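First the structure, in the form of structure tokens, and then the observations on it.
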Amino acid sequence: MSAADRWDAKYAEWEEPGLPSEFVTGCADMLADCPTAVDLAGGAGGTALWLAAQGIDTTLVDVSERALEIARTAAGERSLRLRTVQADLESVPLPTVADLGGNGGWHAAVCTNFLYRPMLGALGSLLVPGGIALVLIATVDNLLYNARPGRPFLVERGELPGLCHGLEPISFEEGWFGHRHEARLVARRGTTD
């Protein structure tokens with residue numbers, strides 16, 4: 001079964017996009033000057049819809065066409081403009097800005113609860129110079145109290161900033177946020193390469 005089929009099955013019963021990431025909404029001030037954003041592996045679009053509601057030209061990328069359909073329906077009901085792109089972010093070679101429909105890159109890239117180390121390493125290439133990345137991944141400490149996500153989908157303590165090559169950390173914190181132990185990174189692509 002392909003990744004797309006697996007995730008389509010997961011979203012088969014969903015009708016609503018879900019809530020936006022509190023981490024991302026908590027960064028609203030930083031996003032205020034971002035005219036464009038991409039939400040990578042954003043599922044049914046809770047966070048992408050929130051970005052679009054802030055007036056940000058938003059692209060939602062996910063492997064599941066069913067998840068994207070849910071997001072498109074919600075965007076239509078809310079009169080929001082949301083671009084959706086079905087793409088496997090674990091493909092080889094990795095999708096490029098052009099593959100994902102970006103016009104030279106985005107001003108913000110969001111990646112929450114999706115860990116594919118090569119994709120995080122290429123995150124800077126999706127951003128315009130000076131663009132910001134917001135990345136949230138559960139850490140291995142999460143396994144102390146939660147069986148999921150499994151270890152292959154977790155970062156080691158302190159690992160996340162080093163995965164995002166070419167990005168300069170603005171803030172990085174790890175800890176318990178509610179019932180999950182997470183690594184949260186806000187980083188910027190340099191203005192010169």
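Please read these numbers as outputs of a predicted model, since none were measured by experiment.
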Minimum-distance pair of heavy atoms, taken over all atoms of [X] and [Y]:
| X | Y | answer |
| --- | --- | --- |
| Thr47 | Ser21 | OG1-N, 2.8 Å |
| Pro17 | Gly45 | CB-C, 4.2 Å |
| Leu51 | Ala37 | CD1-CB, 4.2 Å |
| Gln86 | Ala4 | NE2-CB, 4.1 Å |
| Trp106 | Gly101 | CZ2-C, 4.2 Å |

Polar side-chain atom of [X] near backbone of [Y] as donor-acceptor pair, under 3.5 Å:
| X | Y | value |
| --- | --- | --- |
| Glu173 | Ala183 | no |
| Asp8 | Asp5 | no |
| Asp62 | Ser64 | yes |
| Ser91 | Leu94 | no |
| Arg189 | Leu127 | yes |
| Ser125 | Leu123 | no |
| Arg188 | Ile132 | no |

Establish whether [X] and [Y] are linked, either directly or via other cluster members, by ILVMFWY side-chain heavy-atom contacts under 4.5 Å.
| X | Y | value |
| --- | --- | --- |
| Val24 | Leu40 | no |
| Val61 | Val128 | no |
| Leu167 | Leu136 | no |
| Val38 | Leu134 | no |

Does [X] have more than 12 heavy atoms from other residues, nucleotides or ligands lying within 6.0 Å of its [atom1]?
| X | atom1 | result |
| --- | --- | --- |
| Leu19 | CG | no |
| Phe177 | CZ | yes |
| Asn103 | CG | no |
| Arg81 | CZ | no |
| Trp7 | CH2 | no |
| Glu22 | CD | no |

Rounded to the nearest 0.5 Å, how far does [atom2] of [Y] lie from [atom1] of [X]?
| X | Y | atom1 | atom2 | value |
| --- | --- | --- | --- | --- |
| Ile137 | Phe114 | CD1 | CZ | 8.5 Å |
| Arg83 | Asp39 | CZ | CG | 13.5 Å |
| Leu120 | Leu160 | CG | CG | 6.5 Å |
| Leu31 | His107 | CG | NE2 | 12.0 Å |
| Ile56 | Leu82 | CD1 | CG | 12.0 Å |
| Cys164 | Glu159 | SG | CD | 10.0 Å |

Given side chains that start at C-beta, do those of [X] and [Y] come closer than 4.5 Å, heavy atoms only?
| X | Y | result |
| --- | --- | --- |
| Leu49 | Leu80 | yes |
| Leu163 | Leu115 | yes |
| Val186 | Phe23 | yes |
| Glu174 | Arg157 | yes |
| His179 | Asn146 | yes |
| Leu89 | Val63 | no |
| Leu100 | Leu126 | yes |
| Leu68 | Leu60 | yes |

### Message
For a salt bridge (charged side-chain N to carboxylate O under 4.0 Å, His left out) check, start with the C-alpha distance between Glu77 and Arg72, then their side-chain angles and the critical distance, and finish with the verdict.
### Response
CA-CA 9 Å; Glu77 291 168 352; Arg72 283 192 297 270; over 6 Å; no
### Task
Mind telling me whether Trp14 and Tyr11 have parallel, tilted or perpendicular rings, with 30° and 60° as the class edges?
perpendicular
### Summary
Which of Glu182, Arg180, His181, Glu156 passes side-chain hydrogen bond (donor to acceptor under 3.5 Å, both in side chains) with Thr139? Answer is His181
### Task
Check step by step if side chain to side chain contact (heavy atoms under 4.5 Å, CB included) holds for Val135 and Thr112.
CA-CA 6 Å; Val135 185; Thr112 60; over 6 Å; no
### Message
Can a side-chain donor-acceptor contact be found between Asp57 and Thr36 if the only test is distance below 3.5 angstrom?
### Response
no
### Task
Give a yes-or-no answer on whether the side chains of Asn142 and Arg151 include a donor-acceptor pair shorter than 3.5 Å.
no
### Message
Run Thr59 and Thr84 through side chain to side chain contact (heavy atoms under 4.5 Å, CB included) and show every step you take.
### Response
CA-CA 6 Å; Thr59 301; Thr84 61; over 6 Å; no
#### Entry: Step-by-step salt bridge (charged side-chain N to carboxylate O under 4.0 Å, His left out) determination, Arg66 to Glu13
CA-CA 10 Å; Arg66 172 63 187 142; Glu13 302 301 317; over 6 Å; no
